[in-house]
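Values in this document were obtained by computation on a predicted structure and should not be read as measured data.
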Amino acid sequence: MKITVMNNKLVPFEEIAEGTVFRDPAGDIYYIKTALVSVVDKNFGTEEWNSLRLDNYTFDCFGPKDLVLPIYNAELIIP
C-alpha cells in the first residue's frame, strides 16, 4: 500500500465521505470509511462499525466528532 499525504488538516469523522482513506492521528493507523453497520449479538448486545482498518482488515467505529486526517485521492493497491 502506498499512501501519499497531501493534506494535513484534521476534520471531524462525520465530514468525510464513505470510501475515503483516513489516518487516526492518535494511533497513526490508516482506515477507510464504510457505511455504518450494526450487528446484534445476544451475548454482547449491539456493535456498530463504520471503518475498516487497513493494516489488519478489522472493523472499528469512530464517533461523529472524532478528528481524523482524510487522505483524498489515495490509491489503494491490494496485491
Side-chain angles (χ1 to χ4, degrees):
M1 172 176 28
K2 177 184 176 185
I3 298 175
T4 302
V5 178
M6 303 296 285
N7 172 23
N8 60 358
K9 181 181 175 191
L10 293 171
V11 299
F13 180 77
E14 66 186 352
E15 291 184 14
I16 63 173
E18 290 177 13
T20 301
V21 173
F22 66 95
R23 183 172 63 88
D24 177 6
D28 202 28
I29 299 168
Y30 291 91
Y31 296 86
I32 189 167
K33 185 174 180 177
T34 64
L36 180 64
V37 176
S38 295
V39 177
V40 179
D41 182 293
K42 66 179 181 178
N43 296 323
F44 299 106
T46 302
E47 292 186 25
E48 291 187 334
W49 301 312
N50 58 14
S51 57
L52 177 67
R53 187 172 166 163
L54 295 177
D55 63 345
N56 63 9
Y57 306 110
T58 57
F59 287 99
D60 207 339
C61 191
F62 285 80
K65 303 297 181 193
D66 289 342
L67 294 177
V68 297
L69 178 63
I71 303 166
Y72 301 109
N73 300 319
E75 180 180 9
L76 180 60
I77 301 171
I78 301 173

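For K42, there are no side chain to side chain donor-acceptor pair (under 3.5 Å) partners, not counting sequence neighbours. Take D66 and apply the side chain to side chain donor-acceptor pair (under 3.5 Å) test, not counting sequence neighbours, and it matches no residue.
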Residues 32-40, side-chain donor-acceptor partners within the protein, below 3.5 Å, at least two apart:
from, atom 1, to, atom 2, distance (Å)
K33, NZ, F13, O, 3.1
K33, NZ, I16, O, 2.7
T34, OG1, N50, O, 3.3
T34, OG1, S51, N, 3.3
S38, OG, E48, OE2, 3.2

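Rounding to the nearest 0.5 angstrom, the gap separating the CG atom in L52 from the OG1 atom in T58 is 7.0 Å. In this structure, OH in Y72 is found 6.5 Å from OG1 in T20, a value given to the nearest 0.5 Å.
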Output, in order, the C-alpha distance, side-chain angles, deciding distance and verdict of side chain to side chain contact (heavy atoms under 4.5 Å, CB included) for R53 and I29.
CA-CA 7 Å; R53 187 172 166 163; I29 299 168; 3.5 Å; yes

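Here the closest heavy-atom approach between residue P12 and residue P64 is recorded as CB-O, 3.6 Å.
Note on ring orientation: taking the six-membered ring where Trp is involved, the planes of Y31 and F22 are parallel (angle under 30°, cut-offs 30° and 60°).
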